[in-house]
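One structure below.
As the structure is a prediction and not an experimental result, all values here were calculated from the model. So you know, we letter chains A, B, ... as the sequences are listed, proteins then strands, and number each from 1.
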There are 2 protein chains.
Amino acid sequence: MAAQRVEAPDPEAFVEAAKAAFRDGAVLSVQARCEVEYEGRTNGYLDEGDRLLVAKPDGTFLVHQPTGHKPVNWMPGGGTVEARESEGDAVLLARRTNPSERVETRLHEVYGVTRFDAEDGATYEESGTEAEMHEYIEANPEELEAGLRIVEHERETKYGFVDFYAVDDDGTPVVVEVKRIQATLNHFDQLKRYVELYAESNDEVRGMLVAPSASERVKRALRDNDLDFVELAEFGLDAKGATEAKLTDF
Amino acid sequence: MAAQRVEAPDPEAFVEAAKAAFRDGAVLSVQARCEVEYEGRTNGYLDEGDRLLVAKPDGTFLVHQPTGHKPVNWMPGGGTVEARESEGDAVLLARRTNPSERVETRLHEVYGVTRFDAEDGATYEESGTEAEMHEYIEANPEELEAGLRIVEHERETKYGFVDFYAVDDDGTPVVVEVKRIQATLNHFDQLKRYVELYAESNDEVRGMLVAPSASERVKRALRDNDLDFVELAEFGLDAKGATEAKLTDF
DNA sequence: CCATTTATATCGCCC
DNA sequence: GGGCGATGTAAATGG
(Lines give C-alpha, C1' and ligand atoms only; values in the text may rest on other atoms or scores of the structure.)
Protein backbone atom coordinates (compact mmCIF):
# COMPACT_ATOMS: atom_id res chain seq x y z
CA MET A 1 0.00 0.00 0.00
CA ALA A 2 1.29 3.48 -0.86
CA ALA A 3 0.30 5.03 2.49
CA GLN A 4 0.83 3.61 5.95
CA ARG A 5 -0.42 5.07 9.19
CA VAL A 6 0.58 4.81 12.84
CA GLU A 7 -2.02 6.14 15.26
CA ALA A 8 -0.92 7.99 18.41
CA PRO A 9 2.64 6.65 18.51
CA ASP A 10 4.77 7.24 21.58
CA PRO A 11 7.98 9.21 20.94
CA GLU A 12 10.02 6.07 20.37
CA ALA A 13 7.59 4.62 17.84
CA PHE A 14 7.31 8.00 16.12
CA VAL A 15 11.05 8.40 15.71
CA GLU A 16 11.32 4.87 14.37
CA ALA A 17 8.55 5.48 11.82
CA ALA A 18 10.04 8.83 10.76
CA LYS A 19 13.54 7.44 10.33
CA ALA A 20 12.22 4.58 8.22
CA ALA A 21 10.29 7.01 6.03
CA PHE A 22 13.32 9.31 5.51
CA ARG A 23 15.50 6.30 4.72
CA ASP A 24 13.04 5.05 2.09
CA GLY A 25 12.32 8.44 0.52
CA ALA A 26 8.68 8.59 1.59
CA VAL A 27 6.62 11.72 2.30
CA LEU A 28 5.80 12.05 5.99
CA SER A 29 2.65 13.77 7.31
CA VAL A 30 2.21 14.27 11.05
CA GLN A 31 -0.67 15.58 13.12
CA ALA A 32 0.72 16.74 16.44
CA ARG A 33 0.58 19.24 19.28
CA CYS A 34 3.96 20.90 19.10
CA GLU A 35 6.06 24.03 19.63
CA VAL A 36 8.33 25.39 16.91
CA GLU A 37 11.51 27.43 16.87
CA TYR A 38 13.20 29.03 13.86
CA GLU A 39 16.75 30.38 13.77
CA GLY A 40 18.25 31.81 10.62
CA ARG A 41 17.62 34.96 8.62
CA THR A 42 15.40 36.04 11.47
CA ASN A 43 14.46 34.29 14.71
CA GLY A 44 10.99 33.07 15.53
CA TYR A 45 9.06 31.06 18.07
CA LEU A 46 5.61 29.46 17.99
CA ASP A 47 4.09 28.25 21.22
CA GLU A 48 2.26 24.96 21.63
CA GLY A 49 -0.65 24.12 19.36
CA ASP A 50 -2.04 21.54 16.94
CA ARG A 51 -0.32 21.54 13.54
CA LEU A 52 0.18 19.49 10.43
CA LEU A 53 3.84 18.74 9.74
CA VAL A 54 5.10 17.57 6.35
CA ALA A 55 8.59 16.26 5.58
CA LYS A 56 9.56 15.40 2.01
CA PRO A 57 12.45 13.25 0.83
CA ASP A 58 14.22 16.26 -0.75
CA GLY A 59 14.58 17.90 2.67
CA THR A 60 11.49 20.09 2.44
CA PHE A 61 9.86 20.61 5.84
CA LEU A 62 6.55 22.41 6.44
CA VAL A 63 4.69 23.43 9.59
CA HIS A 64 1.03 24.24 8.87
CA GLN A 65 -1.33 25.80 11.37
CA PRO A 66 -5.08 25.09 10.96
CA THR A 67 -5.54 28.24 8.90
CA GLY A 68 -3.53 30.10 6.31
CA HIS A 69 -2.09 29.32 2.95
CA LYS A 70 1.58 29.67 3.84
CA PRO A 71 3.35 27.41 6.32
CA VAL A 72 4.11 29.24 9.56
CA ASN A 73 7.61 27.72 9.41
CA TRP A 74 9.39 25.80 6.69
CA MET A 75 12.63 24.69 5.15
CA PRO A 76 13.08 24.47 1.39
CA GLY A 77 14.44 21.33 -0.21
CA GLY A 78 18.17 20.75 -0.19
CA GLY A 79 18.63 20.50 3.54
CA THR A 80 18.10 17.58 5.88
CA VAL A 81 15.32 16.56 8.24
CA GLU A 82 16.11 14.41 11.28
CA ALA A 83 13.90 12.78 13.90
CA ARG A 84 15.15 12.26 17.46
CA GLU A 85 13.92 11.73 20.95
CA SER A 86 14.87 14.39 23.48
CA GLU A 87 13.77 14.75 27.09
CA GLY A 88 10.83 12.46 26.56
CA ASP A 89 9.52 14.22 23.43
CA ALA A 90 9.90 13.42 19.78
CA VAL A 91 11.72 16.22 17.93
CA LEU A 92 11.92 16.99 14.22
CA LEU A 93 14.87 19.14 13.17
CA ALA A 94 15.19 20.58 9.67
CA ARG A 95 18.49 22.24 8.78
CA ARG A 96 20.34 23.70 5.83
CA THR A 97 23.39 25.80 5.12
CA ASN A 98 23.77 28.88 2.91
CA PRO A 99 21.96 30.47 4.46
CA SER A 100 22.42 28.64 7.73
CA GLU A 101 18.96 28.02 9.13
CA ARG A 102 17.11 25.54 11.29
CA VAL A 103 13.53 24.74 12.23
CA GLU A 104 13.15 22.68 15.36
CA THR A 105 9.79 21.17 16.23
CA ARG A 106 9.16 19.62 19.64
CA LEU A 107 6.19 17.25 19.49
CA HIS A 108 4.41 17.10 22.83
CA GLU A 109 1.71 14.79 21.55
CA VAL A 110 1.62 12.94 18.26
CA TYR A 111 -1.95 12.19 17.15
CA GLY A 112 -0.80 10.21 14.15
CA VAL A 113 1.87 9.85 11.48
CA THR A 114 1.39 8.83 7.84
CA ARG A 115 4.12 7.60 5.55
CA PHE A 116 3.41 8.04 1.84
CA ASP A 117 5.52 6.22 -0.75
CA ALA A 118 4.51 8.55 -3.54
CA GLU A 119 5.35 8.15 -7.22
CA ASP A 120 4.88 11.20 -9.36
CA GLY A 121 6.50 11.57 -12.76
CA ALA A 122 4.28 14.37 -14.04
CA THR A 123 5.36 17.97 -14.47
CA TYR A 124 3.12 20.99 -14.26
CA GLU A 125 2.19 22.59 -17.58
CA GLU A 126 1.34 26.26 -17.52
CA SER A 127 0.23 28.89 -20.00
CA GLY A 128 -0.35 32.61 -19.75
CA THR A 129 3.05 33.53 -18.34
CA GLU A 130 5.12 36.65 -18.94
CA ALA A 131 7.35 34.64 -21.27
CA GLU A 132 4.33 34.01 -23.49
CA MET A 133 3.44 37.69 -23.37
CA HIS A 134 6.93 38.45 -24.68
CA GLU A 135 6.47 35.97 -27.52
CA TYR A 136 3.16 37.56 -28.38
CA ILE A 137 4.63 41.07 -28.46
CA GLU A 138 7.59 39.95 -30.54
CA ALA A 139 5.14 38.49 -33.08
CA ASN A 140 2.67 41.41 -32.90
CA PRO A 141 4.55 44.66 -32.20
CA GLU A 142 1.88 46.69 -34.01
CA GLU A 143 -0.41 45.92 -31.04
CA LEU A 144 1.74 48.32 -29.02
CA GLU A 145 1.95 51.07 -31.62
CA ALA A 146 1.42 51.35 -35.37
CA GLY A 147 4.73 51.03 -37.20
CA LEU A 148 6.72 49.80 -34.22
CA ARG A 149 9.52 47.36 -35.06
CA ILE A 150 11.23 45.12 -32.50
CA VAL A 151 15.00 45.31 -32.89
CA GLU A 152 16.13 43.26 -29.94
CA HIS A 153 14.64 41.12 -27.16
CA GLU A 154 16.20 41.04 -23.66
CA ARG A 155 18.94 43.51 -24.54
CA GLU A 156 21.65 43.75 -21.91
CA THR A 157 22.68 47.18 -20.64
CA LYS A 158 25.18 48.45 -18.12
CA TYR A 159 22.59 48.43 -15.34
CA GLY A 160 20.37 45.48 -16.30
CA PHE A 161 18.15 43.97 -18.97
CA VAL A 162 15.65 45.75 -21.21
CA ASP A 163 12.66 43.62 -22.23
CA PHE A 164 12.54 45.01 -25.79
CA TYR A 165 14.58 47.49 -27.73
CA ALA A 166 12.47 48.78 -30.65
CA VAL A 167 12.26 51.57 -33.24
CA ASP A 168 9.11 53.59 -33.97
CA ASP A 169 7.66 54.80 -37.27
CA ASP A 170 9.98 57.85 -37.27
CA GLY A 171 13.08 55.76 -36.56
CA THR A 172 13.23 56.91 -32.91
CA PRO A 173 14.49 54.21 -30.53
CA VAL A 174 11.96 52.90 -28.00
CA VAL A 175 12.79 51.05 -24.79
CA VAL A 176 9.91 48.70 -23.89
CA GLU A 177 9.29 47.20 -20.45
CA VAL A 178 6.60 44.50 -20.23
CA LYS A 179 4.60 43.35 -17.19
CA ARG A 180 1.97 40.63 -17.15
CA ILE A 181 0.27 42.15 -14.11
CA GLN A 182 -0.80 45.65 -13.10
CA ALA A 183 2.18 48.00 -13.33
CA THR A 184 3.70 49.29 -10.09
CA LEU A 185 6.01 52.18 -9.26
CA ASN A 186 8.91 49.74 -9.23
CA HIS A 187 8.17 48.92 -12.87
CA PHE A 188 8.13 52.63 -13.66
CA ASP A 189 11.51 52.93 -11.91
CA GLN A 190 12.97 50.14 -14.00
CA LEU A 191 11.83 51.70 -17.27
CA LYS A 192 13.07 55.13 -16.26
CA ARG A 193 16.48 53.72 -15.38
CA TYR A 194 16.83 52.09 -18.82
CA VAL A 195 15.61 55.18 -20.67
CA GLU A 196 17.99 57.50 -18.82
CA LEU A 197 20.84 55.16 -19.52
CA TYR A 198 20.03 55.04 -23.22
CA ALA A 199 19.55 58.82 -23.30
CA GLU A 200 23.28 59.22 -22.66
CA SER A 201 23.90 58.08 -26.23
CA ASN A 202 20.65 59.25 -27.87
CA ASP A 203 18.38 61.70 -26.05
CA GLU A 204 15.56 61.13 -28.55
CA VAL A 205 14.89 57.76 -26.97
CA ARG A 206 11.33 56.99 -25.85
CA GLY A 207 10.20 54.68 -23.03
CA MET A 208 7.11 52.47 -23.08
CA LEU A 209 5.60 50.46 -20.23
CA VAL A 210 3.28 47.66 -21.36
CA ALA A 211 0.90 46.10 -18.82
CA PRO A 212 -2.78 45.14 -18.50
CA SER A 213 -3.35 48.10 -16.16
CA ALA A 214 -1.69 50.69 -13.96
CA SER A 215 -2.75 52.80 -10.99
CA GLU A 216 -3.29 56.55 -11.43
CA ARG A 217 -0.14 57.18 -9.42
CA VAL A 218 1.93 55.10 -11.83
CA LYS A 219 0.29 56.72 -14.87
CA ARG A 220 1.04 60.14 -13.47
CA ALA A 221 4.67 59.21 -12.79
CA LEU A 222 4.96 58.02 -16.40
CA ARG A 223 3.33 61.17 -17.80
CA ASP A 224 5.54 63.43 -15.68
CA ASN A 225 8.59 61.70 -17.12
CA ASP A 226 7.39 61.63 -20.75
CA LEU A 227 7.08 57.85 -20.75
CA ASP A 228 4.27 56.01 -22.53
CA PHE A 229 1.85 53.57 -21.03
CA VAL A 230 0.32 50.92 -23.31
CA GLU A 231 -2.57 48.92 -21.95
CA LEU A 232 -2.33 45.37 -23.22
CA ALA A 233 -4.78 43.15 -21.40
CA GLU A 234 -5.29 40.31 -23.85
CA PHE A 235 -2.37 38.85 -25.67
CA GLY A 236 -3.88 35.95 -27.54
CA LEU A 237 -3.83 33.34 -24.79
CA ASP A 238 -6.15 31.17 -26.82
CA ALA A 239 -4.02 31.58 -29.91
CA LYS A 240 -0.97 30.47 -27.95
CA GLY A 241 -2.81 27.23 -27.18
CA ALA A 242 -3.90 27.47 -23.58
CA THR A 243 -4.34 24.00 -22.16
CA GLU A 244 -7.78 22.70 -22.93
CA ALA A 245 -9.98 21.85 -20.00
CA LYS A 246 -9.05 18.27 -19.18
CA LEU A 247 -11.61 17.72 -16.45
CA THR A 248 -15.34 17.67 -16.75
CA ASP A 249 -16.98 20.89 -15.66
CA PHE A 250 -18.11 20.71 -12.13
CA MET B 1 -9.18 11.72 19.35
CA ALA B 2 -7.92 14.77 17.46
CA ALA B 3 -7.07 12.85 14.27
CA GLN B 4 -9.16 10.23 12.51
CA ARG B 5 -8.14 8.19 9.52
CA VAL B 6 -9.97 6.31 6.79
CA GLU B 7 -7.77 3.93 4.80
CA ALA B 8 -8.33 3.49 1.06
CA PRO B 9 -11.89 4.82 0.97
CA ASP B 10 -13.98 4.41 -2.16
CA PRO B 11 -15.17 7.68 -3.75
CA GLU B 12 -18.42 7.65 -1.84
CA ALA B 13 -16.75 7.11 1.54
CA PHE B 14 -14.14 9.76 0.72
CA VAL B 15 -16.72 12.39 -0.16
CA GLU B 16 -18.63 11.62 2.99
CA ALA B 17 -15.51 11.95 5.16
CA ALA B 18 -14.48 15.16 3.42
CA LYS B 19 -17.89 16.78 3.77
CA ALA B 20 -18.01 15.91 7.45
CA ALA B 21 -14.54 17.41 7.97
CA PHE B 22 -15.45 20.65 6.14
CA ARG B 23 -18.70 20.91 8.12
CA ASP B 24 -16.87 20.54 11.43
CA GLY B 25 -13.96 22.83 10.60
CA ALA B 26 -11.30 20.09 10.60
CA VAL B 27 -8.06 20.03 8.59
CA LEU B 28 -8.14 17.38 5.88
CA SER B 29 -5.02 15.57 4.59
CA VAL B 30 -5.30 13.20 1.65
CA GLN B 31 -2.82 10.85 0.02
CA ALA B 32 -4.04 10.14 -3.50
CA ARG B 33 -3.19 9.50 -7.13
CA CYS B 34 -4.81 12.43 -8.89
CA GLU B 35 -4.75 14.90 -11.77
CA VAL B 36 -5.05 18.64 -11.22
CA GLU B 37 -6.29 21.58 -13.25
CA TYR B 38 -5.93 25.27 -12.47
CA GLU B 39 -7.85 28.10 -14.11
CA GLY B 40 -7.39 31.69 -13.06
CA ARG B 41 -4.56 34.17 -13.40
CA THR B 42 -2.91 31.60 -15.63
CA ASN B 43 -4.02 28.14 -16.71
CA GLY B 44 -2.27 24.94 -15.75
CA TYR B 45 -2.59 21.20 -15.85
CA LEU B 46 -0.84 18.43 -13.94
CA ASP B 47 -1.19 14.85 -15.15
CA GLU B 48 -1.77 11.87 -12.90
CA GLY B 49 0.57 11.20 -9.99
CA ASP B 50 0.77 10.65 -6.23
CA ARG B 51 0.26 13.80 -4.18
CA LEU B 52 -0.54 15.04 -0.72
CA LEU B 53 -3.65 17.22 -0.63
CA VAL B 54 -4.49 19.52 2.28
CA ALA B 55 -7.76 21.37 2.82
CA LYS B 56 -8.15 23.77 5.74
CA PRO B 57 -11.36 25.11 7.27
CA ASP B 58 -10.59 28.66 6.04
CA GLY B 59 -10.77 27.54 2.41
CA THR B 60 -7.04 26.98 1.94
CA PHE B 61 -6.29 24.16 -0.47
CA LEU B 62 -2.83 22.75 -1.24
CA VAL B 63 -1.55 20.18 -3.73
CA HIS B 64 1.93 18.94 -2.82
CA GLN B 65 4.06 16.77 -5.06
CA PRO B 66 6.66 14.51 -3.37
CA THR B 67 9.35 17.17 -3.77
CA GLY B 68 9.51 20.92 -3.58
CA HIS B 69 8.78 23.58 -1.01
CA LYS B 70 5.86 25.23 -2.78
CA PRO B 71 2.58 23.48 -3.55
CA VAL B 72 2.27 22.79 -7.29
CA ASN B 73 -1.28 24.14 -7.07
CA TRP B 74 -3.07 25.96 -4.29
CA MET B 75 -5.86 28.27 -3.25
CA PRO B 76 -5.44 30.80 -0.46
CA GLY B 77 -7.93 31.01 2.37
CA GLY B 78 -11.17 32.91 1.82
CA GLY B 79 -12.60 30.66 -0.87
CA THR B 80 -14.45 27.39 -0.59
CA VAL B 81 -13.47 23.75 -0.98
CA GLU B 82 -16.07 21.18 -2.03
CA ALA B 83 -15.95 17.41 -2.35
CA ARG B 84 -18.10 15.61 -4.92
CA GLU B 85 -18.32 12.40 -6.83
CA SER B 86 -18.11 12.71 -10.60
CA GLU B 87 -17.96 9.96 -13.20
CA GLY B 88 -16.88 7.42 -10.62
CA ASP B 89 -14.07 9.54 -9.15
CA ALA B 90 -13.92 11.67 -6.07
CA VAL B 91 -13.27 15.33 -6.94
CA LEU B 92 -12.05 18.20 -4.76
CA LEU B 93 -12.84 21.66 -6.09
CA ALA B 94 -11.39 24.81 -4.53
CA ARG B 95 -12.72 28.16 -5.74
CA ARG B 96 -12.59 31.83 -4.98
CA THR B 97 -13.56 35.15 -6.53
CA ASN B 98 -11.47 38.32 -6.95
CA PRO B 99 -9.53 37.08 -8.65
CA SER B 100 -11.77 34.35 -10.01
CA GLU B 101 -9.79 31.13 -9.79
CA ARG B 102 -10.35 27.41 -9.35
CA VAL B 103 -8.28 24.32 -8.65
CA GLU B 104 -9.98 21.07 -9.54
CA THR B 105 -8.47 17.79 -8.39
CA ARG B 106 -9.71 14.47 -9.73
CA LEU B 107 -8.75 11.64 -7.38
CA HIS B 108 -8.28 8.40 -9.29
CA GLU B 109 -7.20 6.47 -6.22
CA VAL B 110 -7.40 7.58 -2.61
CA TYR B 111 -4.79 5.83 -0.45
CA GLY B 112 -6.11 7.40 2.72
CA VAL B 113 -7.70 10.48 4.25
CA THR B 114 -7.05 12.00 7.67
CA ARG B 115 -9.31 14.42 9.46
CA PHE B 116 -7.59 16.60 12.06
CA ASP B 117 -9.65 18.56 14.59
CA ALA B 118 -6.81 20.94 15.39
CA GLU B 119 -6.81 23.57 18.10
CA ASP B 120 -4.14 26.22 17.85
CA GLY B 121 -4.35 29.53 19.66
CA ALA B 122 -0.67 30.46 19.34
CA THR B 123 0.70 33.19 17.06
CA TYR B 124 4.16 33.25 15.57
CA GLU B 125 6.60 35.66 17.21
CA GLU B 126 9.40 36.96 15.04
CA SER B 127 12.39 39.23 15.55
CA GLY B 128 15.00 40.61 13.19
CA THR B 129 12.60 42.24 10.73
CA GLU B 130 13.03 45.43 8.74
CA ALA B 131 10.66 47.16 11.17
CA GLU B 132 13.15 46.48 13.97
CA MET B 133 15.98 47.80 11.82
CA HIS B 134 14.01 51.01 11.45
CA GLU B 135 13.61 51.26 15.22
CA TYR B 136 17.32 50.73 15.66
CA ILE B 137 18.23 53.46 13.16
CA GLU B 138 15.75 55.89 14.66
CA ALA B 139 17.41 55.34 18.04
CA ASN B 140 21.00 55.33 16.68
CA PRO B 141 21.24 57.64 13.64
CA GLU B 142 24.93 58.30 14.37
CA GLU B 143 25.58 54.72 13.23
CA LEU B 144 24.82 55.91 9.68
CA GLU B 145 26.84 59.09 9.79
CA ALA B 146 28.28 61.34 12.50
CA GLY B 147 25.96 64.23 13.21
CA LEU B 148 22.97 62.81 11.32
CA ARG B 149 19.57 63.71 12.80
CA ILE B 150 16.36 61.89 11.90
CA VAL B 151 13.61 64.38 11.12
CA GLU B 152 10.83 62.08 9.98
CA HIS B 153 10.11 58.36 9.64
CA GLU B 154 8.05 57.00 6.75
CA ARG B 155 7.58 60.40 5.16
CA GLU B 156 4.96 60.41 2.42
CA THR B 157 5.85 61.96 -0.92
CA LYS B 158 4.01 62.42 -4.19
CA TYR B 159 5.41 59.17 -5.56
CA GLY B 160 5.61 57.02 -2.43
CA PHE B 161 7.12 56.66 1.03
CA VAL B 162 10.65 57.56 2.12
CA ASP B 163 12.00 55.39 4.97
CA PHE B 164 13.72 58.31 6.72
CA TYR B 165 14.00 61.98 6.06
CA ALA B 166 17.07 63.30 7.90
CA VAL B 167 19.44 66.28 8.11
CA ASP B 168 23.23 65.98 8.14
CA ASP B 169 25.85 67.89 10.13
CA ASP B 170 25.77 70.80 7.65
CA GLY B 171 21.99 71.03 7.67
CA THR B 172 21.69 69.40 4.24
CA PRO B 173 18.59 67.18 3.88
CA VAL B 174 19.23 63.44 3.48
CA VAL B 175 16.76 60.92 2.08
CA VAL B 176 17.47 57.49 3.64
CA GLU B 177 16.28 54.17 2.22
CA VAL B 178 16.79 51.09 4.43
CA LYS B 179 16.98 47.41 3.43
CA ARG B 180 17.38 44.47 5.76
CA ILE B 181 18.97 42.34 3.04
CA GLN B 182 21.57 42.90 0.34
CA ALA B 183 20.62 45.93 -1.72
CA THR B 184 19.39 45.39 -5.28
CA LEU B 185 19.05 47.63 -8.32
CA ASN B 186 15.37 48.10 -7.49
CA HIS B 187 16.34 49.56 -4.13
CA PHE B 188 18.70 51.93 -5.90
CA ASP B 189 15.83 52.90 -8.21
CA GLN B 190 13.59 53.64 -5.27
CA LEU B 191 16.13 55.89 -3.59
CA LYS B 192 16.90 57.72 -6.82
CA ARG B 193 13.19 58.37 -7.39
CA TYR B 194 12.80 59.94 -3.94
CA VAL B 195 15.97 62.01 -4.25
CA GLU B 196 15.03 63.38 -7.66
CA LEU B 197 11.61 64.28 -6.40
CA TYR B 198 13.04 66.12 -3.42
CA ALA B 199 15.63 67.82 -5.62
CA GLU B 200 12.79 69.75 -7.28
CA SER B 201 12.49 71.83 -4.11
CA ASN B 202 16.08 71.61 -2.82
CA ASP B 203 18.83 70.44 -5.15
CA GLU B 204 21.30 70.10 -2.25
CA VAL B 205 19.50 66.95 -1.09
CA ARG B 206 21.58 63.80 -0.53
CA GLY B 207 20.49 60.18 -0.88
CA MET B 208 21.64 57.31 1.34
CA LEU B 209 21.01 53.59 0.91
CA VAL B 210 21.47 51.54 4.10
CA ALA B 211 21.85 47.76 3.83
CA PRO B 212 24.08 44.96 5.10
CA SER B 213 25.68 44.64 1.65
CA ALA B 214 25.35 45.49 -2.03
CA SER B 215 26.69 44.03 -5.27
CA GLU B 216 29.33 45.94 -7.21
CA ARG B 217 26.75 46.78 -9.86
CA VAL B 218 24.53 48.46 -7.27
CA LYS B 219 27.45 50.30 -5.68
CA ARG B 220 28.52 51.58 -9.09
CA ALA B 221 24.98 52.77 -9.85
CA LEU B 222 24.94 54.62 -6.52
CA ARG B 223 28.36 56.21 -7.14
CA ASP B 224 27.40 57.26 -10.67
CA ASN B 225 24.39 59.07 -9.25
CA ASP B 226 26.16 60.67 -6.26
CA LEU B 227 24.22 58.56 -3.78
CA ASP B 228 25.78 57.16 -0.61
CA PHE B 229 25.91 53.55 0.48
CA VAL B 230 26.13 52.78 4.18
CA GLU B 231 26.92 49.24 5.18
CA LEU B 232 24.98 48.35 8.32
CA ALA B 233 25.19 44.63 9.00
CA GLU B 234 24.46 44.42 12.71
CA PHE B 235 21.71 46.46 14.22
CA GLY B 236 21.59 45.24 17.78
CA LEU B 237 19.38 42.20 17.33
CA ASP B 238 20.39 41.01 20.77
CA ALA B 239 19.74 44.41 22.28
CA LYS B 240 16.24 44.39 20.77
CA GLY B 241 15.59 41.18 22.69
CA ALA B 242 15.72 38.39 20.15
CA THR B 243 13.62 35.49 21.36
CA GLU B 244 15.65 33.35 23.69
CA ALA B 245 16.17 29.77 22.61
CA LYS B 246 13.15 27.96 24.04
CA LEU B 247 14.14 24.46 23.02
CA THR B 248 17.03 22.41 24.22
CA ASP B 249 19.95 22.39 21.84
CA PHE B 250 19.91 19.39 19.63
C1' DC C 1 28.22 30.16 -7.25
C1' DC C 2 26.59 34.91 -7.75
C1' DA C 3 23.41 38.25 -9.59
C1' DT C 4 19.04 39.36 -11.52
C1' DT C 5 14.14 38.83 -12.40
C1' DT C 6 9.73 36.60 -12.01
C1' DA C 7 5.58 34.96 -9.41
C1' DT C 8 -1.38 32.16 -9.91
C1' DA C 9 3.82 35.51 -5.75
C1' DT C 10 1.53 36.26 -0.52
C1' DC C 11 0.99 39.33 3.19
C1' DG C 12 0.27 43.47 5.80
C1' DC C 13 -0.37 48.27 6.13
C1' DC C 14 -2.80 52.40 5.19
C1' DC C 15 -5.75 55.29 2.44
C1' DG D 1 -11.17 47.46 -1.62
C1' DG D 2 -7.03 49.46 -4.09
C1' DG D 3 -2.39 50.86 -3.80
C1' DC D 4 2.10 50.08 -2.15
C1' DG D 5 6.10 47.90 -0.08
C1' DA D 6 8.28 43.79 2.57
C1' DT D 7 9.11 38.82 2.53
C1' DG D 8 13.16 33.84 6.45
C1' DT D 9 10.17 35.64 -0.14
C1' DA D 10 11.31 30.87 -3.46
C1' DA D 11 12.54 29.46 -8.06
C1' DA D 12 14.39 29.97 -12.66
C1' DT D 13 17.77 31.81 -15.56
C1' DG D 14 22.04 33.54 -17.18
C1' DG D 15 26.98 34.74 -16.48
- prompt: If you measure from the C1' atom in D:dA11 to the same atom in D:dT7, how many Å do you get, rounded?
  reply: 15 Å
field: C:dT5 versus D:dG8 - spacing of their P atoms, nearest Å
entry: 22 Å
Interatomic distance where CZ belongs to B:R220 and P belongs to C:dA3 [whole Å]: 13 Å
message: Could you work out, with side-chain contact (heavy atoms from CB on, under 4.5 Å) as the rule, every residue matching B:P66, not counting sequence neighbours?
response: A:V27, A:A118, A:D120
field: Of A:T184 and B:H69, the one whose closest DNA chain D nucleotide lies more 5'
entry: A:T184
- prompt: Roughly, in whole Å, what's the span from CG in A:L191 to P in C:dT5?
  reply: 13 Å
Between protein and nucleic acid, restricted to nucleotides 6-8 of chain D and to nitrogen or oxygen atoms under 3.5 Å apart, what atom pairs and distances do you find?
residue, atom, partner, partner atom, Å
D:dA6, OP1, B:E130, OE2, 3.3
D:dA6, OP1, B:K179, NZ, 2.8
D:dA6, OP2, B:K179, NZ, 2.9
D:dT7, OP1, B:E130, N, 3.1
D:dT7, OP2, B:E130, OE1, 3.2
D:dG8, O5', B:E126, OE2, 3.4
D:dG8, O3', A:R41, NE, 3.4
D:dG8, O3', A:R41, NH1, 3.4
D:dG8, O6, A:N73, ND2, 2.8
D:dG8, O6, A:W74, N, 2.8
D:dG8, O6, A:W74, O, 3.4
D:dG8, N1, A:W74, O, 2.4
D:dG8, N2, A:W74, O, 3.1
D:dG8, N2, A:E101, OE1, 3.2
D:dG8, N2, A:E101, OE2, 3.4
D:dG8, N3, A:Y38, OH, 3.3
D:dG8, N3, A:R41, NH2, 3.3
D:dG8, N3, A:E101, OE2, 3.1

query: Using atom P of each nucleotide, how far apart are C:dT8 and C:dT4 to the nearest Å?
result: 23 Å
- request: Could you give me the CA-CA distance, side-chain angles and deciding distance for B:E101 and B:R41, then say whether salt bridge (Lys or Arg N to Asp or Glu O under 4.0 Å) is met?
  value: CA-CA 7 Å; B:E101 313 182 276; B:R41 284 169 284 186; 2.9 Å; yes
task: Verify, without hydrogens or angle tests, whether A:R51 (side chain) and A:C34 (backbone) share a donor-acceptor contact under 3.5 angstrom.
output: yes
message: Less than 4.0 angstrom from a charged side-chain N to a carboxylate O is my criterion; do B:K192 and B:E196 meet it?
response: yes
query: In whole Å, what is the span from the CG atom of B:N98 to the P atom of C:dT10?
result: 12 Å
- prompt: Between atom NE2 in A:H153 and atom P in C:dT5, what is the gap in whole Å?
  reply: 14 Å
- prompt: In Å, rounded to the nearest 0.5 Å, how long is the span from CG of A:L185 to OG of A:S215?
  reply: 6.0 Å
Separation of atom CZ in B:R95 from atom C1' in C:dT8, rounded to whole Å: 18 Å
field: Rounded interatomic separation in angstrom, taking CE from B:M133 and C1' from D:dG5
entry: 16 Å
query: Starting at CD of A:E125 and ending at P of C:dT8, how long is that distance when rounded to a whole Å?
result: 14 Å
message: Ignoring hydrogens and geometry beyond distance, is a side-chain donor-acceptor pair present between B:Y45 and A:Y124 at under 3.5 Å?
response: no
query: Going through the checks in order, is the salt bridge (Lys or Arg N to Asp or Glu O under 4.0 Å) test met by B:R33 and B:D50?
result: CA-CA 4 Å; B:R33 180 166 54 80; B:D50 290 340; 5.0 Å; no
task: Take the protein atom CZ of A:R217 and the nucleotide atom C1' of D:dG1, then report the distance between them rounded to whole Å.
output: 16 Å
query: Using a cut-off of 4.0 Å on non-hydrogen atoms, how would the nucleic acid contact of A:S215 be classed: base, sugar-phosphate, or nothing?
result: sugar-phosphate
query: What is the nucleic acid contact for A:E216, judged by heavy atoms within less than 4.0 Å: base, sugar-phosphate only, or nothing?
result: nothing
